[in-house]
Amino acid sequence: MYEQAPLELIRGDSHDVRASVIWLHGLGADGYDFAPVVDMLNLAQVRFILPHAPSMAVTRNNGYVMPAWYDLYAPSESQPEDLAGITRSEGYLNSLIDNEIKRGIASDKIVLAGFSQGGAIALHTATRYPKKLAGVLALSTYLPLKSTLAKQAHTANLATPIFMAHGRTDDIISLDRALASRLCLQETGFAVQWHEYAMAHSVCAEEINDIRLFLTELFQQDLLE
């Protein structure tokens with residue numbers, strides 16, 4: 001199903017890579033969507049892995065076929081969620097993590113990142129992953145399957161810092177929904193760093209700078225060139 005290999009971006013010599021960031025795009029995009037942001041981060045010694053979601057018919061978009069990490073049924077949070085699709089994408093993300101470990105990157109030097117639907121998969125996977133991760137970037141997103149978190153959460157990443165950011169005027173995923181997700185994560189014991197920006201469903205320069213600082217601190221080395 002995942003026919004296209006992820007895009008990989010590295011500044012400098014690939015032999016000097018000491019950390020990895022696996023970054024999932026949003027609905028309807030692809031792995032190239034955040035390549036410009038990676039360039040703006042200007043981080044050395046980090047391998048950025050930008051996978052491509054498979055194409056599928058998205059129910060909420062009248063069955064239109066587009067890249068998606070899982071199906072969406074309705075904009076309301078009270079509607080059923082695509083458990084099978086979310087679980088499938090979780091398994092794929094786990095395989096990308098495992099591949100980085102095989103390449104010599106310790107799990108606690110791996111960050112899971114994602115925007116919108118990709119951020120939902122990053123959050124879902126990180127909170128259940130059985131090994132310590134370096135951190136999570138959850139951008140303009142929400143926590144899917146909230147009702148299962150308390151039962152399925154793994155203690156390995158309770159202290160793993162989660163950078164959760166949202167636009168105050170987001171009309172795709174409401175600020176209230178993101179705040180409810182933050183509360184659920186915190187009540188389960190996860191360490192959330194909350195950031196709000198004067199933007200809609202997008203990224204902004206201030207956010208990118210904050211992400212750079214977050215990643216540099218996580219990896220505990222001077223990654224800025």
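The structure displayed is predicted, hence computed values, not measured ones.
The same ILVMFWY cluster, assembled from side-chain heavy atoms under 4.5 Å apart, contains both Val38 and Tyr32. Linking ILVMFWY residues whenever their side-chain heavy atoms come closer than 4.5 Å, directly or via other members, places Ile162 and Trp194 in the same cluster. The cluster map of Ile, Leu, Val, Met, Phe, Trp and Tyr, joined by side-chain heavy atoms under 4.5 Å apart, puts Leu158 and Leu185 in the same cluster. When hydrophobic clusters are built by joining Ile, Leu, Val, Met, Phe, Trp and Tyr residues whose side-chain heavy atoms come closer than 4.5 Å, directly or via intermediates, Leu96 is grouped together with Ile101. With hydrophobic clusters built from ILVMFWY side chains whose heavy atoms lie under 4.5 angstrom apart, Tyr70 shares a cluster with Leu83.
Taking both residues in full, the closest heavy atoms of Leu112 and Ala122 are given as CD1-O, 4.0 Å, listed atom of the first, atom of the second, then distance. The two residues Ala120 and Pro144 come nearest to each other via the heavy atoms O-CD, 3.4 Å. Considering every non-hydrogen atom in both Ser116 and His201, the closest pair reads OG-NE2, 3.0 Å. The heavy-atom pair separating Pro6 from Tyr92 by the smallest distance is CG-OH, 3.7 Å. Nearest heavy atom pair, residue Ser140 against residue Ser202, reads OG-O, 3.4 Å. Nearest heavy-atom pair, Val136 versus Ala126, reported as atom, atom and distance to 0.1 Å: CG2-CB, 3.5 Å.
A donor-acceptor contact shorter than 3.5 Å is absent between the side chain of Asp30 and the backbone of Pro67. Remark: the backbone N or O of Leu143 is paired with a side-chain donor or acceptor of Ser181 at under 3.5 angstrom. The main-chain N or O of Leu133 is found under 3.5 Å from a side-chain atom of Asn157 such that the two form a donor-acceptor pair. Side-chain atoms of Thr125 never come within 3.5 Å of backbone atoms of Leu93 as a donor-acceptor pair (strictly under, hydrogens ignored).
For the side-chain contact (heavy atoms from CB on, under 4.5 Å) test, residues two or more places apart in sequence or in another chain that qualify with Ala165 are Leu139, Phe163, His195, Tyr197, Glu207. Among residues two or more places apart in sequence or in another chain, the side-chain contact (heavy atoms from CB on, under 4.5 Å) test is passed with Ala29 by His25, Asp33. In this view, Thr169 and Ala200 satisfy the side-chain contact (heavy atoms from CB on, under 4.5 Å) rule, not counting sequence neighbours. Glu100 is linked by a salt bridge (Lys or Arg N to Asp or Glu O under 4.0 Å) to Arg47, Arg103, counting only residues two or more places apart in sequence or in another chain. Phe190 meets the ring-ring contact (aromatic ring centres under 6.0 Å, His included) test with no other residue; sequence neighbours excluded.
Here Cys184 contributes atom SG and Lys146 contributes atom NZ; the two are 6.0 Å apart, rounded to the nearest 0.5 Å. Residue Phe219 holds its CZ atom at 10.0 Å from CG of Asp108, rounded to the nearest 0.5 Å. Atoms CD1 and CG, from Ile208 and Leu41 in turn, are 6.5 Å apart once rounded to the nearest 0.5 Å. Here CD1 of Ile49 is found 7.0 Å from CG of Asn99. Values are rounded to the nearest 0.5 Å. To the nearest 0.5 Å, atoms OH (Tyr142) and CD (Gln117) are separated by 6.5 Å. For the atom pair CG (Leu9) and CG (Asp39), the distance works out to 8.5 Å, reported to the nearest 0.5 Å.
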Please determine whether side-chain contact (heavy atoms from CB on, under 4.5 Å) holds for the pair Leu218 and Phe214, giving the CA-CA distance in whole Å, both sets of side-chain angles, and the decisive distance to 0.1 Å. CA-CA 6 Å; Leu218 284 187; Phe214 176 76; 3.4 Å; yes

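For residues 127-138, every residue pair satisfying the side chain to side chain donor-acceptor pair (under 3.5 Å) rule, not counting sequence neighbours, is listed here: Asp98-Tyr129, His124-Arg128, Arg128-Thr148, Arg128-Gln152, Lys132-Thr160.
Checking Asp170, Leu24, Leu123, Ile121 one by one against Thr141, the side-chain contact (heavy atoms from CB on, under 4.5 Å) holds for a single residue, Leu123.
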